[in-house]
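This report refers to the structure that appears directly beneath it.
Lettering of chains follows the sequences in order, A, B, ..., and the numbering in each one begins at 1.
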Protein chains: 2
Amino acid sequence: MDSLNSLTGIPQYIRIREDLRTRILSGELSRGEKLPSEEELAASYGVSRMTLRQSMSDLVDEGLLYRKHGVGTFVALQHFARDHSYLQNFFENSRQNGLSVDEKILEMSVIPARLQVAKALGLLEGSQVIRLKTLRIVEGNPITIHEAYFSFDKFSDFVENDVENLSKDLLAYYESHGLKVRRGVQRLDARSAEPEVAALLAIEVGAPILYKERTLYTEEGIPVEFLFCHNRGDLYSVTFNLSAE
Amino acid sequence: MDSLNSLTGIPQYIRIREDLRTRILSGELSRGEKLPSEEELAASYGVSRMTLRQSMSDLVDEGLLYRKHGVGTFVALQHFARDHSYLQNFFENSRQNGLSVDEKILEMSVIPARLQVAKALGLLEGSQVIRLKTLRIVEGNPITIHEAYFSFDKFSDFVENDVENLSKDLLAYYESHGLKVRRGVQRLDARSAEPEVAALLAIEVGAPILYKERTLYTEEGIPVEFLFCHNRGDLYSVTFNLSAE
DNA sequence: GAGTGGTCTAGACCACCCG
DNA sequence: GGGTGGTCTAGACCACTCG
């Protein structure tokens, strides 16, 4: 099988999937429209039906297509945007949205993990962890106080590095140590700003805060980072997708 | 092929998937353990490798397994719990968690949709919509003010029915009208309780509220319901999974 | 080189939906 | 009955990892 990498080293089902996606998003295939049958499409792409189905299944999972057994496959009316249900880099993402962003390091220290942090990271209470506390500023407004914890054992070189830069892409930093972050669990609640938080975010004491706790894991399920953050309620919101099943 | 429905009408890949899931969750296959190769497993289940892969791919997507190309397939160290990233029924879910829950209907009316509601539901501004406003009470504490909107055109019989009961499972009600809700988009922020909200939730004016807006869709992408809710910040939090890509 | 997962084929029969 | 998606097979070769 060498038509597999026709041009580049990309599998056929991915090339076909992206071609279909492009045709949908460009409007060539319009919303609600019925696609040709799987057999026809497979023939037109010159692949087997199983391969074509692999392409389409990805798009069905994304909500771009839906299938009706015995009827056909259709372009969904509503296309679901990507959002906070997947991992992304705050700085890159903000810039893509045309926002000016900045970050100020408030504190970087190596401390013994308190129980909550140790538990989240799968360490013993009191193990050495790095605490990185930063203030994120969007369009001149301080918006988030970020407090990340990760193992000093695994990342001892962090403290000897250009923290200013590393802190802007911790995921890349973790990956440089062989830990690819692939999943996470996040918890949100609303609370009132304590004096220290209020001062840093330039809001009144008692103003609403969107509080977030998050643990990140590799695909193996190894915890890599535990994070708290306090976000200004009036300037920060979180959007995410829901799905059945 | 008639081994397909060996016992019930359940496809093999689903039976195999659930068997594997059980073996993992029961601890028979322990965390971090390497599974037999796909070929071996396929043989032991008496199916082709493609069929076995279909079973395993589902579990990989869930985060129960992970694959290493050229090495093998392993049980993840961390199993990801299901949570607010999927649709669920508040009442059923709360009871499963052993909580006593109750709901009080505050208002049910048919009104012209204001712009935000109309837009979310794909209707024209001023179209007739049903507004259902309820107060949800957990363990005796009022916790959420729920305000749902849906098309009067599609659901005109709602107002003639036992609203008290229907309101406890709107998803089932929508489905009884041929609209299966499969996806949604949700937005959260933190805000301060207005006097009316504070009174209903029995909290002080200005106390933190976790505010949620949500639109629900069928798999075809037809919007079915638009919802606001105000949740007590100190008693309500939202957990959801993140994933890469 | 041996073993693993990743991709792919060229068929097959089934279940479902519609006219 | 004809068309569609859903499931399944019994192979094949490739890419990757490891010793």
Gln54(B) CD to dT7(C) C1', in whole Å, measures 15 Å

Between the CD1 atom in Ile24(A) and the CG atom in Asp19(A), the distance rounded to the nearest 0.5 Å is 9.5 Å

Rounded to whole Å, the CD-C1' distance (Glu219(A) to dG5(C)) equals 13 Å

Open item on the list: Students often mix this up, so state it plainly: with edges at 30° and 60°, are the rings of Tyr217(B) and Phe80(A) parallel, tilted or perpendicular?
Closed with: perpendicular

Rounded to whole Å, CD1 of Ile10(B) lies from C1' of dA15(C) at a distance of 15 Å

Arg17(B) atom CZ is separated from dG6(D) atom P, nearest whole Å, by 15 Å

Assert: residue with more 5' nearest nucleotide on DNA chain C, out of Ile14(A) and Met50(A), is Ile14(A)

To the nearest 0.5 Å, atom CZ of Arg21(A) lies from atom CG of Leu65(A) at 9.5 Å

_Parallel, tilted or perpendicular, judged at 30° and 60°: which one describes the rings of His177(A) and Tyr173(A)?_
tilted

If only atom types and distance count, is the side chain of Ser26(A) paired as donor or acceptor with the main-chain N or O of Arg23(A) below 3.5 Å?
yes

Got a list of protein N/O to nucleotides 3-5 of chain D N/O distances below 3.5 Å?
| from | atom 1 | to | atom 2 | distance (Å) |
| --- | --- | --- | --- | --- |
| dG3(D) | N2 | Gly70(A) | O | 2.7 |
| dG5(D) | OP1 | Thr73(A) | N | 3.3 |
| dG5(D) | OP1 | Thr73(A) | OG1 | 3.1 |
| dG5(D) | OP2 | Glu38(A) | N | 2.8 |
| dG5(D) | N2 | His69(A) | NE2 | 3.3 |
| dG5(D) | N3 | His69(A) | NE2 | 3.4 |

Check: Do Thr73(A) and Arg67(A) have a side chain donor and acceptor closer than 3.5 Å?
Finding: no

Separation of dT7(D) atom C1' from Arg15(B) atom CZ, nearest Å, is 13 Å

Against the side chain of Ser48(B), the closest entry in dT7(C), dT9(D), dT9(C) is dT9(D)

Taken to the nearest whole Å, OH/Tyr13(A) to P/dT9(C) is 13 Å

dist Phe74(B):CZ -> Leu35(B):CG (nearest 0.5 Å) comes out at 8.5 Å

- Any ion pair linking Arg49(A) and Glu39(A) (charged N to carboxylate O, less than 4.0 Å)? no

Atom OH of Tyr66(B) and atom C1' of dG6(C) are separated, to the nearest Å, by 18 Å

Bend of the helix from dG1(C)-dC18(D) to dC18(C)-dG1(D) from end-axis comparison, five pairs per end, nearest 10°, comes to 10°

Exactly one of Tyr149(B), Phe152(B), Phe150(B) clears ring pair (Phe, Tyr, Trp, His ring centres under 6.0 Å) with Phe158(B), and that residue is Phe150(B)

